[in-house]
Structures are given as C-alpha cells and as structure tokens.
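Written out below as structure tokens is the structure these notes cover.
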Amino acid sequence: MAEETKKEGDYDFAEAEARILDFWEKKKIYAFDQKSKKKIFSIDTPPPTVSGKMHLGHAFMYSQMDFIARFHRMIGENVFYPFGTDDNGLPTERLVEKMNNVKSKSMDRGDFIELCLKTLKKITPRFVQDWKDIGVSADYDLYYSTIDKHCQKISQKSFIDLFKQGRVYKKDFPSLWCPECQTSIAQAELEDKEFGSLFSTLKFSVAGKTLGIATTRPELLPACVAVFVNPKDKRYKEIIGKRAKVPLFDFEVPIIADSSANMEKGTGVLMVCSYGDKYDAEAIARCKLEPKIVMNKDGSVNYGEYGGMKIKEARKKIIEDLKAQDLIIEQKSITHAVNVHDKCGTEIEILPTEQWFIKILDLKKKLIEQGKKINWHPDFMFKRYENWVNGLEWDWNISRDRHFGVPIPAWTCEKCRKVIVANESELPVDPIMTKKKCSCGGDAIGESKVFDTWQTSSITPQIAAALVSGIKIPYSVRCNAHDIIRTWDFYTITKSFLHENKTPWENMMVSGFVTLGGEKMSKSKGNVVEPQKIMETSGADGLRFWAASSKLGEDLDYQEKEIVSGKKFVTKIWNATKFVSQSLSQENVSFQGPKNPIKKREGFCGNKKPKKLEETDRLFLASLNKVIDSATGSFSDYEYSRAKQETMNFFWHVFCDNYLEIVKRRVYSGTKEEKESASYMLYQSLLAILKMMAPITPYITEEIYQNYFKKFEKDNSIHISSWPEKIKISEKKDDGSVLDLLLSVLGEVRMAKSKAQKSMKAEIVLSLEKEKIEKLKLVLEDLKGVVSAREIKTGSFSVEFL
RNA sequence: GGGCUCAUAAGCUAGCGGUAAACUGACUCGUUUACACCGAGUAUUCCGAGGUUCAACUCCUCGUGGGCCCACCA
C-alpha cells in the first residue's frame with residue numbers, strides 16, 4: 001500500500017481521538033447524574049476478565065453496546081453505565097501464574113494473593129484504557145473490580161442470604177474436577193474436545209467363562225464396583241446376580257440388571273467405575289454401591305505398582321499388561337468427544353470432594369419463566385438460554401480449591417459439624433483469619449476454599465447499583481456475546497431471581513462473534529486480529545463503523561478492507577464539513593485547514609431560519625426528516641446497523657452527491673436569499689447527520705461539532721446534545737416524488753454525459769417532457785445549474801452538447 | 001442424535017409478500033473553488049425441490065451445505 005500523504009487541513013484521527021478522549025474525561029461527559037429526575041437508562045455489561053489486552057470480540061460487542069448507550073443519552077435519558085473488571089478466580093490465577101512463572105498450588109496462600117493483587121495493579125489500567133480508547137462511554141468513575149472489598153462484601157452477602165434461604169449446601173459428593181487446575185468446576189466450564197482413543201474389549205470372567213466388556217478407560221479397572229447388563233438382554237440373562245472377575249486385578253464385582261445399560265453399545269455389558277462419568281456416580285448412588293477411589297487430586301492413580309502414574313501413563317501401562325496376559329479380545333482406534341476444562345483443556349475427572357453448591361435443579365421451570373420475561377435482541381437467543389436450563393444436570397458448584405478469589409464466609413464446627421456463616425456486619429471477611437466458636441462449644445474452622453468467579457460476577461447488577469443511589473433492578477439492558485448466555489446470563493438471572501424475585505434486566509442484547517475467513521478467532525488458532533492495530537491505522541471511529549455493519553446477534557467476518565469504508569466516511573464528512581464551512585462562513589473566507597482543529601474558526605451563519613426557504617432545500621429537508629424518523633426508530637429497536645445504513649445513504653448519496661452539487665451554483669453565485677436558504681439547509685442537515693452518526697463514530701462527530709457548531713449550540717458535547725428532531729417545514733404529500741424526479745433527471749443527464757465521455761460540467765441544452773418540467777417548475781433553476789444547462793426546452797428527453 | 005441459526009453479486013453484508021441493494025473489488029469514463037481516501041457509469045446475484053398466494057428472494061415443508069449450543073466417554 002502506498003504511503004499516504006497528509007495534507008494541511010486533513011483530519012488527523014490519531015491526534016484528534018486522543019485529544020477528544022481527554023476532553024470527555026476532563027468534562028465528565030458520561031457521568032451518571034444521581035440528582036437528575038430524568039428517566040434512567042441502566043446498563044450492565046459483563047466485566048471483562050483482566051488479561052493483557054482487549055481482543056477484537058470485546059471491541060465488537062462493547063461498540064454495539066455503546067451505540068445504544070449513546071443513543072439513549074442523546075434522547076435525554078440519564079445513562080448509568082458503570083465499568084468493572086473481573087479479576088479473581090481461575091482465569092486471573094492462570095494469568096498471574098503465567099506472567100510470573102509460578103504455580104499457585106505450590107505457593108503460600110498469602111504470598112500468592114499478594115502477587116495477584118500486585119500483578120493486577122500493574123496491568124489493569126492499560127487493559128481498561130483499551131475500552132476508553134474505542135470510545136466506550138461508560139462512567140469510569142463508577143468502577144468495580146470483582147476482587148475489591150466492595151464486591152467481596154456483596155458477594156459474601158449474597159452467599160449468606162442464599163444460605164439462610166436454604167439454597168446453599170455443602171456436600172461431599174462426586175463432582176467435576178480438573179486435575180490440572182486442581183479444583184472442582186461447574187458444568188458451565190465444560191467444553192468438548194475430540195480425542196483419539198483406544199476402544200478395548202476386555203476379558204472379564206464369570207464362572208470361568210469370558211465376558212467381554214468394552215472400555216476406553218482401562219485404568220479405571222481397579223475402581224470397578226459393578227457390571228451392568230440390561231434386564232431385557234437375552235444374551236446375559238444367565239449371569240445376572242453372579243459375580244464377574246475383573247481382569248488383571250482379579251477381584252469380583254456383582255453383575256446387576258439395570259435398564260440403563262444400552263444393549264447396542266459395545267458388548268452390551270457396562271462396567272461401573274468410581275468414577276468414569278456422571279452416569280457412574282448416579283449408578284453407584286442408586287445401587288448403593290461402595291465407591292473405590294483410585295484417583296488423586298493431581299490426576300495420578302493410587303493403586304499397586306501403577307501408583308503415582310498419571311492417568312494416561314497408567315492407561316498405557318495397563319493396556320500393555322493386559323495385552324501381555326492376553327486379556328484383550330479386540331481393540332480399535334476411535335475418536336470421541338471428551339469433556340475438558342474450558343480454561344486449560346484438560347480432561348475432566350469426577351472426584352468426590354467436599355464442595356459448596358447452590359441448589360438450582362428444582363428451579364428450572366421458574367428460571368425459564370424469568371428468561372421469558374426479558375426482551376431478547378434478537379429474540380431467538382432466548383432459545384439458547386432455555387436449552388441450557390433444560391439441560392442442567394448439576395447444582396451450581398460455587399467453591400473452588402484455589403487461593404485467589406472471594407473467600408467463602410463460613411466456618412464448620414470441628415465437634416458437631418455445624419456450619420456457621422458470617423454476620424453481615426463483619427463483611428468482607430476472610431474466615432481463615434477469623435476465629436469462631438460454635439454454640440456447642442467447639443472450635444469452628446474457617447473455610448479455605450474460595451468462591452468461583454461466577455458467584456461474584458453474577459451479581460454485577462447488585463454490585464454496580466450499590467455504588468450510587470437510585471438504581472433499581474431490573475436494569476434497562478444487558479449486552480454480551482452469545483457464548484456466555486449459558487454462564488453469565490444464566491447465573492445472573494438465577495441470582496436476581498433468588499435475591500429480588502426479578503429479572504436482572506428488561507432487555508438483553510446478544511452480539512455475535514468476530515470471525516476470520518468464517519472461523520472464530522482464537523489465540524489457539526493463531527488467527528487473532530488486534531483491535532489496537534486497527535485503531536492505529538484507522539482510528540476508533542473506523543473500528544466502530546465496521547462493528548456497526550452487521551446486525552445484533554450476527555457474526556461478522558473481519559476483513560481489513562471493510563475498515564476502509566469507515567475511514568472513508570470520516571474523511572468524507574470532514575471534507576463535506578469543510579465545504580459547508582467555507583461556503584457559508586459569514587465572511588465567506590476560503591478555508592484553511594486548522595492546525596489545531598479545536599480553536600476558534602469561522603462558523604456558519606445557517607442556524608437561523610431564512611425568510612424564504614428555496615423549494616429544493618425544502619424537498620431535501622423533507623427527505624432528511626424521513627431519515628430522522630427511521631433512524632430514530634431503528635436505534636430504539638436496537639437496530640443500529642440499519643440506522644447507520646439509512647443515515648449513510650442519505651449523507652453520501654443524497655446530501656453529498658446530489659444536494660451539495662446542486663447547491664454549489666447558489667453558494668458561488670446566488671442571491672442573498674438563495675444563500676441564506678442554502679445555509680439553513682446545510683446547517684440543519686449536517687448537524688442532524690452528525691448527531692445520527694454520533695453514537696457510531698463519536699470522535700469525528702465530536703470534532704466537527706466542537707469546531708463548527710459549538711458556538712451556535714448550547715451543549716458542551718455532541719454526545720449530550722439532543723437527538724435530532726424533524727426539521728419544522730411545511731411538507732406536501734408529493735414532496736418525495738418531486739425529489740425523486742429531480743434526482744432521476746439528474747442521473748439521466750449524468751449518464752448521458754458519461755456515455756458521451758464528456759465532463760460532468762460540460763454545457764448542454766436539456767430537453768424534458770412538459771409534465772416533468774411542470775412538476776419541477778419550482779426547482780428548475782437549481783436543476784439547470786447542476787447539469788450545466790444553458791437552457792431547458794420542452795420535448796422528449798435529450799441532452800445536446802454545445 | 002436433539003435444539004437454534006444462516007444460505008442474496010468475486011468478497012463482506014443490508015433488505016422486503018409486488019418482482020433486488022450498500023460497501024470492497026473489476027471494467028469504462030470524468031475530475032482541478034469539500035473530497036484522487038473523489039465523481040459518473042457498466043457488468044455480475046436471491047443454495048435446490050415442492051407448497052401457500054393473483055404475486056415468493058421474502059411465508060411453510062423437505063433436502064443440501066455452513067455455524068453455534070447440548071447430548072454422546074460402556
């Protein structure tokens with residue numbers, strides 16, 4: 001690409017965006033007004049997990065939220081848009097471990113927490129700056145971090161409330177366990193991953209006869225506690241009630257008839273191990289079998305000569321040993337999907353550990369009802385929520401065997417096992433640091449586990465509301481991408497239901513993903529595009545303009561070329577403004593590019609209504625009014641992409657390509673009245689266009705507003721100015737058709753000139769049908785001027801060159 | 001296997017029950033008093049098959065092909 005040369009007077013977005021951002025911050029343009037009586041528009045966005053940099057998906061989604069936020073601010077609502085970061089729990093621990101090359105599990109708890117806090121302090125400001133840079137109009141003074149005292153307090157209070165409601169229980173129970181992170185996890189943190197595996201049919205024996213059982217996990221043989229066959233399965237009728245001998249380990253387990261055994265799969269015989277999957281856990285509980293735990297928390301096994309080996313190592317060795325003793329009937333390679341931990345990709349195990357749960361399985365119906373009360377944009381996204389709730393199989397596990405998180409404010413009595421929770425007055429509390437006595441006289445031991453980050457990040461509406469007064473639940477709107485419907489949205493809906501018996505939000509905006517060549521961007525695929533890079537080359541406005549090009553909920557393929565149109569828009573509106581300004585400044589001085597654009601400049605004289613409005617101007621204003629109407633409607637319906645398209649179409653093709661060309665004649669050589677009318681039209685349209693684009697491209701619109709409009713307008717910033725209303729003009733019902741005719745004649749003349757390979761300025765004699773001349777009689781002078789016609793004659797359409 | 005969703009020009013996306021668009025790209029031409037990061041113009045298009053209808057790209061059904069979520073570890 002050729003190096004672009006900047007000319008004097010060109011818009012320098014890098015310089016301007018930095019300066020304008022600073023202006024917004026200093027003037028607190030986006031501050032929530034606690035004293036105002038205006039209608040509140042409250043916004044809940046998921047606090048991004050602190051990592052090095054904002055990614056493009058964030059930029060995409062937060063831009064979309066911001067379009068709506070800015071629109072509501074301009075229609076006169078008091079926008080409450082706090083900003084938070086999510087910075088505790090496993091994701092943060094993993095980041096800190098990586099950055100500092102340490103392992104949380106092998107560090108002292110206090111030291112590790114200190115390291116986390118120190119690291120966060122270092123990286124958070126840079127991280128948040130990305131949000132500011134793309135122009136997210138949050139009130140950054142209303143800031144929370146999910147590990148700060150304020151959040152800890154509210155999170156702990158939430159836990160205590162739910163405990164008192166009887167919703168919280170602690171249970172020693174086989175649950176999802178990540179051997180890599182060495183913590184229990186929640187169902188929502190499961191992901192699928194395809195693995196290749198060996199599917200082996202092993203020789204069990206029953207009364208000396210061989211019984212084939214297929215498995216992919218022979219390392220669980222010593223954990224086998226029973227063998228299931230289907231009671232309807234004729235093949236195995238004889239053996240029900242007998243005992244089967246486990247190969248290699250030579251112990252016997254009962255053979256039980258259980259209808260859950262699928263006759264089609266494998267040999268139709270199933271070994272139940274403690275624990276291969278959730279099914280095993282249920283089967284063992286149902287049949288009251290005694291589990292044999294063969295796995296350690298770090299993912300190693302604990303039996304015999306294999307003791308200490310990791311799962312996969314043990315599996316390999318056992319297969320070798322089975323082979324050596326001829327205990328394998330058949331073996332084939334398969335690929336199958338396995339549940340892995342979404343944070344680290346490690347295969348999940350099921351281990352009995354003591355964890356804290358919030359009981360939710362009895363609430364499925366009610367939670368779906370809650371979801372239904374929310375207006376989902378687009379509405380089909382509700383289905384995803386509903387599906388997830390319907391598919392729930394586990395209560396919500398909220399405890400994690402980690403260090404860096406909000407402490408669980410609970411103690412368990414050593415003597416009577418009673419659970420004591422903290423008093424509200426002592427929150428936030430770290431139970432490890434505080435001693436408690438049980439009413440029975442025993443010592444109560446403080447809980448050393450911490451909350452999962454969702455326990456806290458699911459109450460961001462409550463957390464942010466507590467920063468100010470006057471904010472009520474439900475909030476007006478929540479925005480996030482569709483991947484976290486099942487987690488963040490689900491948990492937040494659950495919490496608001498349990499605490500307030502309300503939905504957390506009235507509206508739900510669900511944004512799509514950014515893809516590259518149709519694929520989801522991800523670090524592991526190595527196909528990430530950094531928003532910071534885009535901003536360097538095309539500015540935040542360019543990035544946002546692109547983010548507004550697909551509708552809500554739709555994935556959008558990133559293409560570098562597409563950013564270009566945003567950049568072009570910025571240039572175009574800058575240049576159009578230059579023209580307008582230069583043509584209509586009072587002294588009519590020629591335009592000189594501003595070195596420092598925010599400085600006093602010649603302004604318009606067009607904000608005053610002229611004595612007589614030219615017919616052409618009236619027609620164009622009527623057309624503008626239609627755009628104002630539809631853009632307002634589109635923004636109200638969260639259809640920012642449609643609003644953008646409508647506004648752009650008017651700006652580019654109606655205003656620039658046609659009106660500006662038409663009006664040049666009057667600007668350069670018209671009468672005083674003609675100029676005044678044009679001036680009014682130019683001022684009103686340009687301001688309306690700027691305002692309609694302000695939610696999408698906040699920087700350039702602010703820059704132009706400050707330079708050219710500020711001295712005639714009362715508001716400090718375009719972003720707190722009022723949304724455009726229809727221009728008060730008298731409208732007639734065939735205005736549209738007259739304008740259409742004018743533009744189509746103009747188009748036909750241009751085509752004729754183009755075909756004749758003539759300049760657009762070539763002088764002509766235009767012939768036009770009588771009815772058309774009649775219809776255009778009030779705009780004939782403007783038509784004549786714009787097509788450079790010496791005269792317009794009556795006759796069938798023709799263009800004669802002179 | 002279940003659910004949701006998408007399928008429109010070379011690419012990326014709008015759109016609508018009345019007969020197709022914007023942007024990028026290609027091609028032709030033009031441009032010096034806003035803009036060569038421009039203007040005018042040309043070419044190319046609604047996945048397939050049925051159905052509803054006076055009329056379907058738009059609604060319905062089926063198929064095909066993507067995407068996402070869930071289930072699937074014997």
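In this text the structure is predicted, and so the values were computed from the model without any measurement. Chain A is the first sequence line, chain B the second, and so forth, proteins listed ahead of strands; every chain is numbered from 1.
In this structure, B:C16 forms no base pair with any nucleotide, since neither Watson-Crick nor G-U wobble geometry is met with both distances under 3.5 Å. B:A55 is unpaired under the criterion used here, namely a Watson-Crick or G-U wobble arrangement in which both key atom distances are under 3.5 Å. Pair assignment for B:G41 gives B:C27, based on Watson-Crick or G-U wobble hydrogen-bonding distances that are each under 3.5 Å. Using Watson-Crick or G-U wobble geometry with both donor-acceptor distances under 3.5 Å, B:C35 finds no partner in any strand shown. Nucleotide B:A49 has B:U61 as its partner under the Watson-Crick or G-U criteria, with both atom distances under 3.5 Å. Base-pair partner of B:G1: B:C70 (Watson-Crick or G-U wobble, both distances under 3.5 Å).
In this structure the side chain of A:E661 reaches within 4.5 angstrom of the side chain of A:R750, judged on heavy atoms. Side-chain contact between A:M295 and A:E219 is absent, with no heavy atoms from C-beta onward closer than 4.5 Å. By the 4.5 Å heavy-atom criterion applied to side chains, A:F545 and A:M648 are counted as neighbours. Within the 4.5 Å cutoff, side-chain heavy atoms of A:I329 are placed close to those of A:T210.
Judged by the 6.0 Å distance and 45° axis criteria, A:K312 is positioned over the aromatic ring of A:F195. Stacking of A:K664 on the aromatic ring of A:F579 is recorded, both the 6.0 Å distance cut-off and the 45° axial limit being met. For the pair A:K372 and A:F382, the NZ or CZ position fails the cation-pi test of under 6.0 Å to the six-membered ring centre and within 45 degrees of the ring normal. A cation-pi arrangement is present between A:K758 and A:F801 under the rule of less than 6.0 angstrom and at most 45 degrees off the ring axis.
Distances were taken from every side-chain heavy atom of A:T571 (C-beta onward) to each of B:C37, B:C38, B:G3; the shortest belongs to B:C37. Out of B:C73, B:C68, B:C38, the shortest distance to the side chain of A:H482 is found at B:C68. Nearest nucleotide to the A:H336 side chain, out of B:C35, B:A71, B:C73: B:C73.
Counting non-hydrogen atoms under 4.0 angstrom, A:A214 reaches the backbone sugars and phosphates but no base. Nucleic acid contact for A:L556: sugar-phosphate only, since backbone atoms but no base atoms lie under 4.0 Å from a heavy atom of the residue. Here A:F228 lies out of heavy-atom contact (under 4.0 Å) with every strand. Note on A:C273: nothing from the nucleic acid sits closer than 4.0 angstrom, heavy atoms only.
Remark: A:Y705 engages no residue in a ring pair (Phe, Tyr, Trp, His ring centres under 6.0 Å) (not counting sequence neighbours). Residues that satisfy the ring pair (Phe, Tyr, Trp, His ring centres under 6.0 Å) test with A:Y699, not counting sequence neighbours, are A:W24.
Between the base of B:C35 and the side chain of A:K572 there is a donor-acceptor pair shorter than 3.5 Å.
A distance of about 22 Å separates the C1' atoms of B:U31 and B:U24, rounded to the whole Å. Nucleotides B:C57 and B:C46 are separated by 4 Å at their C1' atoms, to the nearest Å. B:A71 and B:U53 are spaced 43 Å apart, taking the P atom of each and rounding to whole Å. Going from the P atom of B:G48 to that of B:A7 covers 13 Å, rounded to whole Å. Between the C1' atoms of B:G51 and B:G66, the separation comes to 26 Å (whole Å). Taking atom P in both B:G3 and B:G15, the straight-line distance is 27 Å, to the nearest Å.
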Between the protein and nucleotides 27-32 of chain B, list every N/O to N/O distance that falls short of 3.5 Å.
none

Protein-nucleotides 42-44 of chain B N/O pairs closer than 3.5 Å?
none

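Residue-to-nucleotide proximity on RNA chain B shows that, of A:W388 and A:F380, the 5′-proximal contact is made by A:F380.
Note: CG (A:L660) to C1' (B:A34) measures 8 Å, nearest angstrom. Separating the CZ atom of A:F513 from the C1' atom of B:U5 is a distance of 13 Å, rounded to the nearest angstrom. The separation between A:I484 atom CD1 and B:C68 atom P is 17 Å, rounded to whole Å. Distance A:Y275 OH to B:A74 C1': 17 Å, rounded to the nearest Å. Put simply, NZ on A:K567 is 11 Å from P on B:C38, counting in whole angstrom units. Between A:I704 atom CD1 and B:C35 atom C1' the separation is 13 Å, expressed in whole Å. Rounded to whole Å, the distance from CZ on A:F569 to P on B:C35 is 18 Å. Remark: P of B:C37 and CE of A:M648 are 17 Å apart, rounded to the nearest angstrom.
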Notebook entry, point to check: Under the side-chain hydrogen bond (donor to acceptor under 3.5 Å, both in side chains) criterion, do A:Q331 and A:S200 qualify, and how do the steps go?
Noted result: CA-CA 4 Å; A:Q331 200 171 49; A:S200 316; 3.0 Å; yes
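Taking the six-membered ring for Trp and thresholds of 30 and 60 degrees, A:F651 and A:F569 have ring planes more than 60 degrees apart, a perpendicular arrangement. Ring geometry, A:W546 versus A:Y558: the interplanar angle exceeds 60°, so the pair is classed perpendicular (tilted spans 30 to 60°).
Residue A:I185 comes nearest to A:C178 through the heavy atom pair CG2-CB, 4.4 Å, listed as atom of the first residue, atom of the second, then distance.
Here the SG atom belonging to A:C273 is positioned 7.5 Å from the CD1 atom belonging to A:I284, to the nearest 0.5 angstrom.
Of the residues in residues 256-265 of chain A, A:S260, A:A261, A:N262, A:K265 come within less than 4.0 Å of RNA chain B through at least one heavy atom, sorted by number.
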Notebook entry, point to check: In the 5'-to-3' direction, what one-character label does each nucleotide of nucleotides 14-24 of chain B receive under the scheme B = base within less than 4.0 Å of a protein heavy atom, S = sugar-phosphate only, - = no such atom?
Noted result: SSS-----SSS
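In this structure, A:E17 contributes its side chain and A:A540 its backbone to a donor-acceptor pair below 3.5 Å.
A salt bridge is absent between A:D637 and A:R642; no separation between the charged side-chain nitrogens and carboxylate oxygens falls under 4.0 Å.
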